[in-house]
Colleague: 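Have a look at this one.
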Amino acid sequence: MEVIIVRDEDEAGEIYAQCVADLVSVKLDAVLGLATGSSPLVAYRHLANLVVEKSIDISQVRGFALDEYIGLPLSHPESYHSVIQRTVVEPLGLNSENVHVPGDTLAGAPLSDGTRMAAGVAYDRAIAAAGGVDIQILGIGTDGHVGFNEPGSSLASGTRIKTLAEQTRIDNARFFDDDVTKVPTHCITQGIGTIMRARHLVLLAFGAGKAEAVAETVEGGVSAFCPASALQMHPHATIIVDEDAAFRLRHKDYYRYAYAHKPAWQGI
Ligand code: F6R
């Protein structure tokens with residue numbers, strides 16, 4: 001696990017964008033794991049800029065989103081189907097047929113529709129059939145969730161339906177006119193086991209509100225209590241945090257020292 005403490009979100013975005021550009025230069029049809037929420041937006045923006053600046057051909061790049069709300073129609077501006085279109089597919093110029101969102105054919109169907117269980121299994125199969133995710137970008141919830149794997153989620157879980165924690169709904173109310181009652185109660189999310197199969201995980205966290213979850217993730221015990229702590233078991237996980245989100249890390253000096261002395265050829 002590598003921890004990179006950056007001066008601001010832009011530096012994090014530049015690091016992610018360069019990492020994706022390096023991958024696409026050797027693998028035209030790279031598979032990107034996509035997150036929604038606020039944290040990855042700067043990374044997508046920098047990647048979109050780099051694609052134009054360096055004339056990178058990303059027409060064959062494929063994508064799999066982490067999660068989707070249940071109960072919102074696909075056309076709802078806050079369905080993750082819409083968010084991924086708006087923040088990733090359109091600015092990057094990806095082919096939308098190559099970009100998938102869990103359960104996207106079922107987004108408007110009621111929770112009682114049992115076909116959603118099958119949708120989770122089908123999603124994991126589709127990721128495997130694509131050869132697996134190369135780079136998975138992740139945000140982290142204030143309760144330590146990744147994807148929408150709330151505390152208590154199995155660290156071996158596959159894509160499935162979950163109930164959102166009340167805290168997550170409160171945190172996400174900002175996307176729903178600050179009205180928590182408008183935030184769906186359920187979602188379909190890649191499991192921790194699904195996420196852990198990606199070859200490289202890049203987790204972004206900014207702001208003091210994430211400091212506790214980041215400390216638990218990086219320096220706490222591996223536990224379903226903090227699902228993101230599973231990243232400690234991943235052979236290639238990069239945690240990029242700003243100073244505020246790094247505030248509670250005990251080994252900040254070492255992380256800074258290691259990054260400053262990293263051989264340039266190593267990348268992240
Ligand atoms: C979104 C997702 C969530 C968010 C997390 C942090 O696809 O999987 O885990 O990454 O809730 O959200 P932000 O970045 O908005 O703080």
Side-chain angles (χ1 to χ4, degrees), residues 4 9 12-13 15-17 19-20 23 30-48 61-69 72 78-92 94 98-104 107 123-124 127 130 132-150 153 157 159 162 164-165 168 171-172 174-175 183-184 187-207 209-210 213-214 217 226-228 230-231 234 236-242 245 268:
I4 304 175
E9 296 191 23
I15 293 171
Y16 169 80
C19 178
V20 172
L23 170 69
V31 179
L32 301 181
L34 305 167
T36 53
S38 307
S39 309
L41 294 177
V42 67
Y44 299 144
R45 208 165 52 238
H46 277 275
L47 181 56
V61 167
R62 296 165 289 166
F64 287 89
L66 279 174
D67 38 25
E68 175 61 288
Y69 291 117
L72 295 183
E78 294 307 328
S79 79
Y80 284 171
H81 175 89
S82 299
V83 173
I84 289 287
Q85 281 294 318
R86 195 165 66 233
T87 62
V88 182
V89 173
E90 286 163 17
L92 290 178
L94 296 180
N98 292 338
V99 179
H100 310 280
V101 178
D104 50 6
Y123 199 68
D124 283 350
I127 294 174
V133 169
D134 291 302
I135 300 175
Q136 173 67 60
I137 194 169
L138 297 166
I140 183 169
T142 53
D143 62 1
H145 71 232
V146 280
F148 275 143
N149 295 280
E150 301 287 20
S153 293
S157 46
T159 301
K162 288 292 287 180
L164 291 169
T168 301
D171 290 344
N172 286 5
R174 68 190 193 280
F175 298 114
V183 184
C187 63
I188 177 166
T189 179
Q190 285 192 28
I192 297 292
T194 313
I195 292 168
M196 292 288 281
R197 284 194 287 277
R199 285 179 276 281
H200 184 190
L201 304 179
V202 180
L203 186 147
L204 306 181
F206 309 116
K210 300 291 173 74
V214 167
T217 297
C226 176
L231 270 65
H234 195 281
H236 192 182
T238 308
I239 315 296
I240 309 181
V241 289
D242 66 4
I268 63 161

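If you're wondering where the values come from, they're calculated on a predicted model, not measured in any experiment.
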Colleague: Taking C-beta and beyond as the side chain, do R45 and P91 meet within less than 4.5 Å on heavy atoms?
Modeller: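 Sidechains of P91 and R45: no contact.
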Colleague: I'd like to check V88 versus V99 (side-chain heavy atoms, cut-off strictly below 4.5 Å). Are they in contact?
Modeller: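 They are not in contact (no side-chain heavy atoms under 4.5 Å apart), so the answer is no.
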Colleague: Could you state the interatomic distance from CG (L164) to CG (N172), rounded to the nearest 0.5 Å?
Modeller: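 L164 atom CG to N172 atom CG measures 7.5 Å (nearest 0.5 Å).
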Colleague: If you define the side chain from C-beta out and look only at heavy atoms, does anything of E68 sit under 4.5 Å from S79?
Modeller: yes
Colleague: Please report the shortest heavy-atom distance between C226 and T217, naming the atom on each side.
Modeller: SG-OG1, 3.6 Å
Colleague: Testing V146, L66, L203 one by one against Q136 for a side-chain contact (heavy atoms from CB on, under 4.5 Å), which residue passes?
Modeller: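 It is L66, the one option of V146, L66, L203 that forms the side-chain contact (heavy atoms from CB on, under 4.5 Å) with Q136.
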Colleague: Could you pull out all residues at least two apart from A213 that satisfy side chain to side chain contact (heavy atoms under 4.5 Å, CB included)?
Modeller: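 Applying side chain to side chain contact (heavy atoms under 4.5 Å, CB included) to A213 gives I140.
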Colleague: Tell me, please, which residues at least two apart from R62 pass salt bridge (Lys or Arg N to Asp or Glu O under 4.0 Å).
Modeller: D29
Colleague: Which atoms form the tightest heavy-atom contact between V214 and A205, and what is the distance?
Modeller: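 That closest heavy-atom pairing would be CG2-CB, 3.6 Å.
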Colleague: Roughly how far, to the nearest 0.5 Å, is CD1 of I188 from CZ of F148?
Modeller: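 So the CZ of F148 and the CD1 of I188 are separated by 12.5 Å.
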Colleague: Is there a side-chain contact between T194 and I127, using heavy atoms and a 4.5 Å cut-off?
Modeller: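 Side-chain contact under 4.5 Å: yes.
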Colleague: Carefully, step by step, assess I195 and L138 under the rule side chain to side chain contact (heavy atoms under 4.5 Å, CB included).
Modeller: CA-CA 9 Å; I195 292 168; L138 297 166; 4.1 Å; yes
Colleague: May I ask you to decide if G207's main-chain N or O and D242's side chain share a donor-acceptor pair within less than 3.5 Å?
Modeller: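 Such a contact is found between D242 side chain and G207 backbone.
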Colleague: What do the steps show when you test Q85 against E90 for side chain to side chain contact (heavy atoms under 4.5 Å, CB included), and what is the final call?
Modeller: CA-CA 6 Å; Q85 281 294 318; E90 286 163 17; 4.1 Å; yes
Colleague: Taking only residues two or more places apart in sequence or in another chain, which ones pass salt bridge (Lys or Arg N to Asp or Glu O under 4.0 Å) with D171?
Modeller: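 Once residues adjacent in sequence are excluded, D171 has no partner under the salt bridge (Lys or Arg N to Asp or Glu O under 4.0 Å) criterion.
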Colleague: With side chain to side chain contact (heavy atoms under 4.5 Å, CB included) as the test, would you mind laying out the steps for H200 and T238 before giving the verdict?
Modeller: CA-CA 8 Å; H200 184 190; T238 308; 2.8 Å; yes
Colleague: Search all heavy atoms of V61 against all heavy atoms of N98 and return the closest pair with its distance.
Modeller: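 Nearest pair, atom of V61 first, then N98: O-CB, 3.7 Å.
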Colleague: Where the side chain of D134 meets the backbone of L23, is there a donor-acceptor pair that is under 3.5 Å apart?
Modeller: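 Here the side-chain-to-backbone pair does not exist.
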Colleague: With heavy-atom distances below 4.5 Å as the criterion, would you say the side chains of K210 and T142 are in contact?
Modeller: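 They are in side-chain contact.
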Colleague: For I135 and Y16, which heavy atoms make the closest approach, and how far apart are they?
Modeller: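 Taking every non-hydrogen atom into account, CG2-CE1, 4.2 Å.
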Colleague: Can you give each donor-acceptor pair under 3.5 Å made by side-chain atoms of residues 31-43, sequence neighbours left out, with the distance rounded to 0.1 Å?
Modeller:
residue : atom : partner : partner atom : Å
S38     : OG   : R174    : NH2          : 2.7

Colleague: Within the structure provided, determine whether D124 and F64 are in side-chain contact (heavy-atom separation under 4.5 Å).
Modeller: no
Colleague: Under 4.5 Å between any side-chain heavy atoms of T168 and E150, yes or no?
Modeller: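 They are in side-chain contact.
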Colleague: Measuring from I240:CD1 to E9:CD, what's the distance to the nearest 0.5 Å?
Modeller: 12.0 Å
Colleague: CD1/I268 to CD1/I15 distance, rounded to the nearest 0.5 angstrom?
Modeller: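 Going from CD1 on I268 over to CD1 on I15, the span is 6.5 Å.
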Colleague: Would you mind reporting whether Q190 and Y123 have side-chain heavy atoms less than 4.5 Å apart?
Modeller: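 Y123 reaches Q190 side chain to side chain.
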Colleague: Fit a plane to each ring of Y80 and Y69, take the angle between them on a 0 to 90° scale, and name the class: parallel (under 30°), tilted (30 to 60°) or perpendicular (over 60°).
Modeller: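 Aromatic pair Y80/Y69 classed tilted.
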Colleague: Can you name the residues that form a side chain to side chain contact (heavy atoms under 4.5 Å, CB included) with A237, not counting sequence neighbours?
Modeller: L201, L231, H234
Colleague: Holding to salt bridge (Lys or Arg N to Asp or Glu O under 4.0 Å), I want the full list of residues that pass it with E78, two or more places apart in sequence or in another chain.
Modeller: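 Counting only residues at least two positions away or on another chain, E78 forms a salt bridge (Lys or Arg N to Asp or Glu O under 4.0 Å) with R86.
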Colleague: Looking only at heavy atoms, which two atoms of D143 and A165 are closest? And how far apart?
Modeller: OD2-CB, 3.8 Å
Colleague: At their closest point, which heavy atom of N149 faces which heavy atom of G191, and how far apart are they?
Modeller: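 Residues N149 and G191, closest heavy atoms: OD1-CA, 3.6 Å.
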